[in-house]
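Have a look at the structure below before the remarks.
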Amino acid sequence: MRDLQLSLNQTQRVRLQAALQQLQDLASQAAGSSSVTVADTIPVNNEDGILKGHGTSELDGQVVATLCGVVERVNKLVYVRALRARYKPEVGDIIVGRVIEIAPKRWRLEINFSQDAVLMLSSMNLPDGIQRRRTAVDELNMRSIFEENDVVCAEVRGFQHDGSLHLQARSQKYGKLERGQLLTVPAYLVKRRKQHFHHLEKYHVSLIIGCNGFIWVGEHLETGENDMLEDREKRPETSKSNMICEEQELTFTPLEVRQHVCRIANAVRLLAALGFILTVESIMDTAEASASSNIEIKDMLGPEFYVQTVEREVQRRILLSRKRG
């Protein structure tokens, strides 16, 4: 029950213990003998010339696990994949970060990693959208693009010589994130997938599941919205009062959309507290289940919906195991 302070009554406690026991039984059945703890022997055929990888060691002629996790085999390589681990960046990862420093020709971002990441001025699209060399004027105007505490989406481009990450944002889908919430979850709850950007059209909400454990939930903004604002500023016939009204329309998030953002964000918080893998499907299922049960947004992190979510996960895994069987 990480990050949630729950006061369960007797009935809820019994239901929760029963559901957790079922989840544990289902997990052990699915994992079978591939699940190991520290010092467990890993069965291998030494005649095949097995290569011992991460999380394994040799003791008295046998291969034993040095980590708690799942045994993985790739050709002759045998290693243990830890169930819980810190974020390990890979080139191409979609990450969400927060700007903590503006340095010469670069921004430094916090990304839930042992070191900060660097986004170079030359590695991102400028607001004008024109591909050109960066000038001294561009460097002076860096604060007008990103400033401290801004939330930014980017892609891992590579590693610096000191081990820090080098990011790039050379696409319209990357850049500054506004009108939403930044959530922090354990990075091992996010699996690498083909798609980390999700436009939830039904709710007019954007969901970005960063590989580094930073998740963004906010109002979906159409590409080119800022250009519309620039065009309006260039019109000499537009009165100042009309300009103010138009700017308010562009920066105002409707109440219904804000409620959707809060409901989806609470679904993420609940699933992360339970230790469930975070996917767009599981997040949406949880949010829609709360809405269909008439659960208020503020009550989604309460004990009753917490127990209901665990019970619903049990039913989902039972159905999944039956389909596989």
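Cluster membership for Ile264 and Ile297, using ILVMFWY side-chain heavy atoms within less than 4.5 angstrom, is not shared. Hydrophobic clustering keeps Tyr79 apart from Val36 (ILVMFWY residues linked when any side-chain heavy atoms are closer than 4.5 Å, directly or through intermediates). By the criterion of side-chain heavy atoms lying less than 4.5 angstrom apart, applied directly or through intervening Ile, Leu, Val, Met, Phe, Trp or Tyr residues, Leu189 is grouped together with Leu20 in one hydrophobic cluster.
Side chains of Asp138 and Thr135: a donor on one and an acceptor on the other come within 3.5 Å. Side-chain contact annotation: Asn141 with Ser144, donor-acceptor N/O pair under 3.5 Å absent.
A cation-pi arrangement, defined by a distance under 6.0 Å to the six-membered ring centre and an angle within 45 degrees of its axis, is absent between Arg263 and Phe305.
Taking a 4.5 Å side-chain heavy-atom cut-off between Ile, Leu, Val, Met, Phe, Trp and Tyr, the cluster of Val151 extends to Ile94, Val96, Tyr174, Leu177, Leu182, Phe197, Ile208, Phe214, Trp216. Grouping Ile, Leu, Val, Met, Phe, Trp and Tyr by side-chain contacts under 4.5 Å, direct or through others, puts Met120 with Val118.
Checked options Gln308, Glu304, Gln10; the residue passing with Arg15 is Glu304 (criterion: side-chain hydrogen bond (donor to acceptor under 3.5 Å, both in side chains)).
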Check your understanding: Can you check side-chain hydrogen bond (donor to acceptor under 3.5 Å, both in side chains) on Ser123 and Arg157, steps first, answer last?
Key -> CA-CA 9 Å; Ser123 298; Arg157 181 180 178 181; 3.0 Å; yes
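Judged as a ring pair (Phe, Tyr, Trp, His ring centres under 6.0 Å), the pairs with a partner in residues 88-109 (not counting sequence neighbours) are, in order, Trp107-Phe146.
Salt bridge absent: Glu219 and Arg258 never bring a charged side-chain N and a carboxylate O closer than 4.0 Å.
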